[in-house]
Undergrad: 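Let me begin by handing over the structure; questions about it come next.
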Amino acid sequence: MSEPRSIRSESPEGTEGPHHDGDRPPPRKRQRVRLSCLECRRRKLSCDPAPRSSASMRPAPAWRPPNKLGLPPTALAGLDARLSLPSTGGESPFFRKDIRETDRIRRLELEVAQLKNLLSKQISFDGSTIQDRSPPDDHPKSEAGQEREVAIPPFLQTQETCADSQELRFFRGSSWKTRYFGPHSAFLAFQELHGLCPFMKETSEEWLRPLHIHQTKDRRKGAEERERKFHEPDFELESLLPSKEGTDSLVNIYLDQFEQVHRIVHIPSFRRDYARFWLPSETRNAAFTALVLSILAISSCLGAHLPHKFEKMVSSSHVTAIRWVEAVDKWQESQSQKHRRLIHYQVACLVYLAKRINTVKKKRFWKNASAMTQDAISVGLHREPSHMSKNKISPFNQEMRRRIWATIQSYDLQASFDHGLPSILTSLHYDINPPRNIDDDEFDEDTKELPPSHPPTEYTFSSYQNISRQSLPLRLELSRVLTGPPEELDYERVIRYTNEISQEIDSLPSWDVSSDPSSSSTAVLKKPLIAYTLLHIQLRQYIIPLHQPFLRLRKQNSKYQYSEIIYYNAARDMVLLNDRLFQLGIRTLNFLREDSLTLAINLASVTMLQPRGSTNMIMINSQHTLQLLEKCLAMKEDRILRCGNDEPWGYSIMCAAKGLIEAHLGTKTPEAAKAASAESASGGVGQPPLGEPFVRSKSVTPFPPSSSQQGPGQQVEVPGTPWWLPNAGDPSVLAQIQPLNPEFSLETLGFNLNELWATGNFDWDAMMS
């Protein structure tokens, strides 16, 4: 049997198998000449071995493979040209293996690096399209020339936003239909998104309109419908209107007193609309009817005539005012919060004022005032309206926005002080200018430019709001300190705040109280004493809570004696200021504030801290303190008789405080003081000794006397008596002073004093509930 031959197998590449004889190296594979060009080998296509030029070696454009990378044609054309082998003439480059492979590898590495750099610069929007953003030098130009750059859509272009030009804010709308959003609101984020609105607009025109998707909201029709409803009457509100004579009287009381401090209506415009309101041929729109009812609710108790008629425990005037307030409140709830006008904000301010005057839900005063402030901020009343174009907010509406904001601001600060709760105004940034010191007849709805403001020494109906703005930063700081988080208020800061309050008081102007009714076209007599009194009181009231914590430290350290004196003087001066208005028949501040109750308690508190027999200033003026308490009782009594009240605690506490002071001073025995207190609350109090002059300290805030009050026929004033107090040496003045009502009795109003002052059953929680 023949010896088996070793079978030699070759690999596809021509190499030998694993079996071979001995250590003999495997035979070398024959090098085959490559006749196809590199371009055809790369594309795996058949190739004609005949020599051809580099241009003919490129495949025709008709069968060029698709570009899967999304690169421009110019980039692949340059790549093909760089990958093609150059021609060397007679010598064939295919046999120069080493040089050829080395150059090929070098070129491929270079191309890979260029492709990586090219791909890293591409931006894909939807994952399939890649834009070519490489430098133009890297791509050869086409034969037709350089291609045009693709135009950038408008919604992709850089746009200037409000954040680039001014403060971040979003103030939208016109007139009183404005909305204000802070810098972090979603609406401002939409505005900061470049191209959002143009993109949505183009998308709607290109895609939604062909599908016949139209907007179903007709803005013009909606505006016409709102205008029609605004001019429609409300017969339910009209049924509550009294006669024209009674309405005229109450409207004049409001314009004559309350518009001197809180500017809510434009008097000439209101009188014009009010005259048209009573014409039989004119239709009464519901908004103006609600405005008139709100004014009547404010003046109802102030214009009540004696003798008062009572329904159970409240006066008939008070019952009527409550009915008007409830009707207007119901109308307000049905109004749109988006499409509002000036009259809607006026009605809101008047209704809040009517609730304070008639003591309707007094525990909600702070909450209601804060809600009004937030509503005003949401429409941008705290921002200067002149920042917007004049065609959006007219000069008339600009000034009315300043007045309405000043009124709401005053409401909020006073409610914050009365309740001892913080105000949102202490942390609010505002840049609105104060109302101008001008009268209403100096501008109207057609005014193109507002007149300049008069100097502070010239009194106008807007003087209070204009001058009150000067002390607003200090009052906001004091409100933040007194109602904010607990902090250590050292005595040095208290003294500094007191000095700043005194400086603000000294800077207040003094006006001549005499005025000529014919000098005003509004036919309303100017009463600067109302604005003067409120400007003083709203500053002095902060002295009492500042020094109150240091009153009891007087026995430990004599330096706190200053707190006792400044505390007593502040309370005394505020009582005298309110009493001066009361003697003139002006009950504006007596019904608007609770000074008669709080000041009586403050005077009693500081007097009770003094030891009996002391010779300090407070004890020397103790008789004057009792007279001040009697003045407070007279003002409180007048308010109860005119309004009626289901809260007997205020007046009864004031009677008890007076009896307590009399027992402490030794003017009456404890038994006699108790009997006098019970008699004051139940049977009436006697008249004060009007013929005796008041004992007043020279530290009373000086007021320059008016020229009209020092005529040749007048008596010389008693030394130490300010010009705005009645001269006790003039008998003709004593007849004008309103004495305490001897017939006043809480029991006639349905109150049982045994239940109020019963021993062991006095519940302070029940009193405050």
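We count residues from 1, following the sequence as given.
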Undergrad: Verify salt bridge (Lys or Arg N to Asp or Glu O under 4.0 Å) between Glu594 and Arg639, making sure each step is shown before the conclusion.
TA: CA-CA 10 Å; Glu594 292 288 347; Arg639 181 171 182 179; 3.3 Å; yes
Undergrad: Mind checking the CZ-NZ spacing from Phe550 to Lys559? Nearest 0.5 Å is all I need.
TA: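 Output value for this atom pair is 8.5 Å.
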Undergrad: Given the rule in the side chain to side chain donor-acceptor pair (under 3.5 Å) test, do Ser507 and Gln470 qualify, once you have shown the distances and angles that lead to the verdict?
TA: CA-CA 9 Å; Ser507 64; Gln470 300 177 4; 4.6 Å; no
Undergrad: Where the side chain of Ser453 meets the backbone of Asn437, is there a donor-acceptor pair that is under 3.5 Å apart?
TA: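 Flag set: sc Ser453 to bb Asn437 pair under 3.5 Å.
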Undergrad: Got a donor-acceptor contact below 3.5 angstrom from the Thr667 side chain to the Glu662 backbone?
TA: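 Yes.
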Undergrad: According to the interplanar angle, ranging from 0 to 90°, do the rings of Tyr254 and Phe258 count as parallel (below 30°), tilted (30 to 60°) or perpendicular (above 60°)?
TA: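 Answer is parallel, since the angle falls under 30°.
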Undergrad: Closest heavy-atom contact between Leu539 and Ser471?
TA: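 Scanning both residues completely, I find the closest heavy atoms to be CD2-CB, 3.8 Å.
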Undergrad: Report the C-alpha distance between His266 and Phe396 in whole Å, list the side-chain angles of each, state the deciding distance to 0.1 Å, and finish with yes or no for ring pair (Phe, Tyr, Trp, His ring centres under 6.0 Å).
TA: CA-CA 10 Å; His266 185 253; Phe396 174 81; 5.2 Å; yes
Undergrad: What verdict does the salt bridge (Lys or Arg N to Asp or Glu O under 4.0 Å) test give for Glu492 and Arg496, after you've listed the backbone C-alpha separation in whole Å, the side-chain angles of each residue and the deciding distance to 0.1 Å?
TA: CA-CA 6 Å; Glu492 286 73 16; Arg496 178 170 60 86; over 6 Å; no
Undergrad: Decide if atom CZ of Arg364 counts as having more than 12 heavy atoms of other residues, nucleotides or ligands within a radius under 6.0 Å.
TA: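 No.
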Undergrad: Can you tell me how far NZ of Lys636 sits from SG of Cys655, rounded to the nearest 0.5 angstrom?
TA: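 That separation rounds to 11.0 Å.
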Undergrad: Please report the closest heavy-atom contact between Arg540 and Asp573, naming both atoms and the distance.
TA: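 Minimum heavy-atom contact is NH1-OD2, 3.4 Å.
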Undergrad: Applying side chain to side chain donor-acceptor pair (under 3.5 Å), run through Arg403 and Ser462 and close with a yes or a no.
TA: CA-CA 8 Å; Arg403 292 183 175 185; Ser462 302; 3.1 Å; yes
Undergrad: Is there a donor-acceptor pair under 3.5 Å between the side chain of Asp579 and the backbone N or O of Lys631?
TA: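 Not at all, since once roles are kept as given, no pair shorter than 3.5 Å links the two residues.
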Undergrad: For Tyr568 and Thr625: C-alpha separation, side-chain torsions, deciding distance, then whether side chain to side chain donor-acceptor pair (under 3.5 Å) applies.
TA: CA-CA 10 Å; Tyr568 178 84; Thr625 303; 2.7 Å; yes
Undergrad: Show the nearest heavy-atom pair for residues Ile618 and Val606, with the distance to one decimal.
TA: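 Scanning both residues completely, I find the closest heavy atoms to be CD1-CG2, 3.7 Å.
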Undergrad: Once you round to the nearest 0.5 Å, how far does CD of Glu384 lie from CD of Gln398?
TA: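 Between atom CD of Glu384 and atom CD of Gln398 there are 6.5 Å.
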Undergrad: Establish, for the pair Arg475 and Tyr542, whether the NZ or CZ atom is under 6.0 angstrom from the six-membered ring centre and no further than 45 degrees off its axis.
TA: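 Not flagged: Arg475 not positioned over aromatic ring of Tyr542.
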Undergrad: Among Arg263, Arg402, Gln465, exactly one meets side-chain hydrogen bond (donor to acceptor under 3.5 Å, both in side chains) together with Thr407. Which residue is that?
TA: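 That would be Gln465.
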Undergrad: Would you check if the side chain of Gln260 reaches a backbone N or O of Lys527 as a donor-acceptor pair within less than 3.5 Å?
TA: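 It does hold such a pair.
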Undergrad: Could you check whether Asp418 pairs with Arg356 (Lys NZ or Arg NE/NH1/NH2 to Asp/Glu carboxylate O, under 4.0 Å)?
TA: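 Yes, this pair counts.
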Undergrad: Taking it one step at a time, do Ile586 and Leu529 satisfy side-chain contact (heavy atoms from CB on, under 4.5 Å)?
TA: CA-CA 10 Å; Ile586 302 176; Leu529 188 59; 5.5 Å; no
Undergrad: With a 3.5 Å distance limit and no angle check, can you tell me whether Ser416 reaches the backbone of Asp412 through a side-chain donor-acceptor pair?
TA: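 Between the backbone of Asp412 and the side chain of Ser416 there is no qualifying donor-acceptor contact (under 3.5 Å).
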Undergrad: Hey, does the side chain of Thr607 reach the backbone of Ala604 with a donor-acceptor pair shorter than 3.5 angstrom?
TA: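 Between the backbone of Ala604 and the side chain of Thr607 there is no qualifying donor-acceptor contact (under 3.5 Å).
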Undergrad: Students often mix this up, so state it plainly: with edges at 30° and 60°, are the rings of Trp405 and His382 parallel, tilted or perpendicular?
TA: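 Ring orientation, 0 to 90° scale: tilted.
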Undergrad: Short question: side chain of Asp439, backbone of Glu442 - any donor-acceptor pair under 3.5 Å?
TA: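 Judged by distance alone, no pair lies under 3.5 Å.
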Undergrad: Take atom CZ in Arg552; do more than 12 heavy atoms of anything else shown fall under 6.0 Å from it?
TA: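 Atom CZ in Arg552 is not crowded, with 12 or fewer foreign heavy atoms closer than 6.0 Å.
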Undergrad: Using only atom types and a distance under 3.5 Å, with no angle test, would you say the side chain of Asn358 pairs donor to acceptor with the backbone of Ala354?
TA: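 Checked: pair present.
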Undergrad: Taking the six-membered ring for Trp, is the centroid-to-centroid distance between Tyr411 and His262 below 6.0 Å?
TA: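 Centroid distance Tyr411-His262: below 6.0 Å, so yes.
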Undergrad: Could you check whether any side-chain heavy atom of Ser410 comes within less than 4.5 Å of a side-chain heavy atom of Tyr464, counting everything from C-beta outward?
TA: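 Side-chain contact under 4.5 Å: yes.
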Undergrad: How many angstroms lie between CD1 in Ile408 and CE in Met372, if you round to the nearest 0.5 Å?
TA: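 Rounded to the nearest 0.5 Å, the CD1-CE separation comes to 4.0 Å.
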Undergrad: Can Arg493 and Tyr497 be said to form a side chain to side chain donor-acceptor pair (under 3.5 Å), step by step?
TA: CA-CA 6 Å; Arg493 289 182 61 189; Tyr497 285 140; 3.1 Å; yes
Undergrad: Give a yes or no on whether the backbone of Ala634 and the side-chain of Asp638 come within a donor-acceptor separation of less than 3.5 Å.
TA: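 No; zero donor-acceptor contacts below 3.5 Å.
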Undergrad: Minimum heavy-atom separation for Thr359 and Phe365, please, with both atom names.
TA: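 Between these two residues, the closest heavy atoms are CA-CZ, 4.2 Å.
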Undergrad: Ile357 and Ile298: which non-hydrogen atoms are nearest, and at how many Å?
TA: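 Distance-wise, the nearest heavy atoms are CG2-O, 3.6 Å.
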Undergrad: May I ask you to decide whether Asp256 forms a salt bridge with Lys526, counting only side-chain N to carboxylate O separations under 4.0 Å?
TA: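 Lys526 and Asp256: not salt-bridged.
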Undergrad: Between CD of Gln610 and OG of Ser622, what distance do you get to the nearest 0.5 Å?
TA: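 Interatomic distance, Gln610 CD to Ser622 OG, rounded to 0.5 Å: 10.5 Å.
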Undergrad: I need the Leu577 CG to Asp595 CG distance, nearest 0.5 Å.
TA: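 Taking CG in Leu577 and CG in Asp595, the distance rounds to 9.5 Å.
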Undergrad: Under the side chain to side chain contact (heavy atoms under 4.5 Å, CB included) test against Met574, which residue among Leu599, Ile543, Thr533 passes?
TA: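 Result: among Leu599, Ile543, Thr533, Leu599 is the only option passing the side chain to side chain contact (heavy atoms under 4.5 Å, CB included) with Met574.
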Undergrad: Would you find a donor on one side and an acceptor on the other, under 3.5 Å apart, between the side chain of Asn590 and the backbone of Met635?
TA: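 A pair under 3.5 Å: yes.
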Undergrad: Please report the closest heavy-atom contact between Ile438 and Phe443, naming both atoms and the distance.
TA: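 In this case the closest contact between Ile438 and Phe443 is CD1-CD2, 3.7 Å.
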